[in-house]
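Working notes for the structure below.
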2 protein chains.
Amino acid sequence: MAARERFAHYGYPKTTIAELAKDCAMSPGNIYRFFKGKIDIAVEIARREALSAVEVLESVLACPHRSSRQRLEEVIFADLRHTYHLLENQPKTVELAQVVVAERPQFQIESLRRERRLFQRILHEGVACGELMTDSVPATTIALHAMTLKYRYPQIFTKQSLEELERELAHVLSLVMRGLVVPKEGAPIPATQIPEEDASLTLR
Amino acid sequence: MAARERFAHYGYPKTTIAELAKDCAMSPGNIYRFFKGKIDIAVEIARREALSAVEVLESVLACPHRSSRQRLEEVIFADLRHTYHLLENQPKTVELAQVVVAERPQFQIESLRRERRLFQRILHEGVACGELMTDSVPATTIALHAMTLKYRYPQIFTKQSLEELERELAHVLSLVMRGLVVPKEGAPIPATQIPEEDASLTLR
DNA sequence: CGAATGAATATTTTGTTGATTATTCACCCC
DNA sequence: GGGGTGAATAATCAACAAAATATTCATTCG
């Protein structure tokens, strides 16, 4: 359904079923053979959006020559940048997401769960190869996810710039990594560096 | 102005200046000799509320026989419990706070700053007595504050119970303390225990 | 004259109505 | 008969009027 452009351009409430039907060369009534209601169209669009965003993040896992710490950090930074740019450049898409979450709370829960699973996978890997240490991977996953919540919903509380948020996130990660990373032969655990903005991770 | 009861009972929008004036045995016009507008009355109430809340938290600092870690943890837990109970039992007070923040964003910024200062004081102390270690107290303060943001605005994103939030917070603190606490003679850093709910810290 | 009033005015909220839009469904076409 | 239509109906939104309320200020009071 390429008519998601309409939502992105005119916004969810201002887009009518009649218009959508016309785009698809259908009658309004026929739309309801594919979707139970208008909101379900939005849900489907948001679902694809969310899946593709996670897929992009997963590409970080595929990169070789990266420590688990780096992977974790890059995923979290990429996430911050992605939602930040969305908020700035695609306000209508954000509005769509808000409508979906308001109407279908389950949607958000599942999105967050997907993201946590990504964290958990990286943590597992890191523990398995002796790079990270933790008593309990699931508990640490939840903690890590909760600690970085602010960077998943930036600009909701504070109106900070991306640069400020990145600097702050670097401090947060430095602190948490000191309790997570296995030190190398007495050397202190280095502070987190803000990674390069990777076009392939933030584009769209 | 004891007529704050009205806001707490009927809510900010449903309380009229005329009622407030009657409570004070005044004419409506005379209120404006004391407050610039209706919102300023709410600001004053919220300000006192916020100050007394911080004062209560500061009483934790006065307690002897407590490590810096314990103090930090107790302040954060007390904060979570305080706002959680407020949200449950005093919805009108929370509404008041939201109105104030919406109208006067500066108010929230200053409340957060006060709280951060409290964190910073504890951190300083801990570093001074060799109990905690960090490169930079200010940076760590900001990081700690950001990491615990979820527990300062509970139930806004998720609808978790207080018990869940406390368990989660304990994991978060365990993780961060491993990077913050100076280990004692090779012994591992213990996990965070959920402190007793101290009536003097959560009452009202 | 400063403190206070309360009627006058400005602003915000509430309620109502008409129009727009979502959804259903009896009916048509291939 | 399955896939589709579009008029009929229900739900929602937008615009406007009426009512309630915040704020001002000329006037009074002590």
Side-chain angles (χ1 to χ4, degrees), chain A residues 1-50 90-108 110, chain B residues 1-50 90-108 110:
Chain A
M1 198 81 75
R4 99 186 66 169
E5 311 296 336
R6 268 215 140 76
F7 283 146
H9 189 25
Y10 299 103
Y12 175 77
K14 286 254 177 290
T15 301
T16 72
I17 295 281
E19 289 165 347
L20 253 37
K22 186 151 289 178
D23 286 347
C24 307
M26 279 184 182
S27 67
N30 201 32
I31 296 270
Y32 287 82
R33 296 205 316 113
F34 303 99
F35 296 99
K36 188 130 178 303
K38 188 183 177 185
I39 187 66
D40 299 275
I41 305 175
V43 169
E44 178 59 21
I45 293 172
R47 203 183 58 83
R48 292 187 192 187
E49 186 73 36
Q90 311 266 7
K92 290 289 160 56
T93 301
V94 173
E95 178 211 58
L96 186 89
Q98 284 170 340
V99 171
V100 167
V101 166
E103 216 78 16
R104 298 281 160 77
Q106 198 57 27
F107 181 86
Q108 187 180 29
E110 274 159 28
Chain B
M1 198 80 75
R4 97 185 68 170
E5 311 296 335
R6 268 217 141 75
F7 283 146
H9 189 26
Y10 299 104
Y12 175 76
K14 286 254 176 290
T15 300
T16 72
I17 295 280
E19 288 165 346
L20 253 36
K22 187 150 286 178
D23 286 347
C24 306
M26 280 183 181
S27 68
N30 201 31
I31 296 271
Y32 287 81
R33 295 204 317 113
F34 303 100
F35 295 98
K36 189 133 180 301
K38 188 183 178 185
I39 187 66
D40 299 275
I41 305 175
V43 169
E44 178 58 22
I45 292 173
R47 203 184 56 84
R48 292 187 191 187
E49 185 73 36
Q90 311 266 9
K92 291 289 159 59
T93 302
V94 173
E95 178 211 56
L96 186 89
Q98 285 170 341
V99 171
V100 167
V101 167
E103 216 78 14
R104 298 282 160 78
Q106 198 57 26
F107 181 86
Q108 187 181 30
E110 274 160 27

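Chain naming here is simple, since letters A, B, ... match the order of the sequence lines and numbering starts at 1 in each. Below, all heavy atoms of this structure are taken into account, side chains as well, without hydrogens, waters or symmetry copies. The model shown is predicted, which means the values in this text are computed figures rather than measured ones.
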Distance from [X] atom [atom1] to [Y] atom [atom2], nearest 0.5 Å?
X	Y	atom1	atom2	value
B:Leu20	B:Lys38	CG	NZ	8.0 Å
A:Glu5	A:Thr15	CD	OG1	11.0 Å
A:Tyr32	A:Ser27	OH	OG	11.0 Å

Side chain of [X], heavy atoms from C-beta onward: which of [options] has the nearest atom to it?
X	options	value
A:Tyr32	D:dT5, C:dT24, D:dA22	C:dT24
B:Ile17	D:dA22, C:dT21, D:dG3	D:dA22
A:Arg33	C:dT24, D:dG4, D:dT5	D:dG4

field: Along DNA chain C (nearest heavy atom to each residue), the more 5'-positioned of B:Pro28 and A:Gly37
entry: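 Nearer the 5' end of the strand: B:Pro28.
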message: Both B:Asn30 and A:Thr15 contact DNA chain C. Taking the nearest nucleotide for each, which residue is further toward the 5' end?
response: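 Here B:Asn30 is the residue nearer the 5' end.
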Let me know the distance between [atom1] of [X] and [atom2] of [N], rounded to the nearest Å.
X	N	atom1	atom2	answer
B:Ile39	C:dT11	CD1	P	17 Å
A:Tyr12	D:dC13	OH	P	10 Å
A:Leu20	C:dA22	CG	P	9 Å
B:Ile31	D:dC25	CD1	P	18 Å
A:Glu19	C:dT20	CD	P	13 Å
B:Phe35	D:dT21	CZ	P	21 Å
B:Asp40	D:dA22	CG	C1'	13 Å
B:Met26	C:dT5	CE	P	8 Å

message: A:Tyr12: which residues meet the ring pair (Phe, Tyr, Trp, His ring centres under 6.0 Å) condition with it, sequence neighbours left out?
response: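 A:Tyr12: ring pair (Phe, Tyr, Trp, His ring centres under 6.0 Å) contacts with A:Phe7.
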Lys/Arg N to Asp/Glu carboxylate O, A:Glu44 vs A:Arg47, below 4.0 Å: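 A salt bridge links A:Glu44 with A:Arg47.
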query: With nearest nucleotides of DNA chain D determined for A:Ser27 and B:Lys14 from heavy-atom distances, which residue corresponds to the more 5′ nucleotide?
result: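 First, find each residue's nearest nucleotide; the 5'-ward one identifies A:Ser27.
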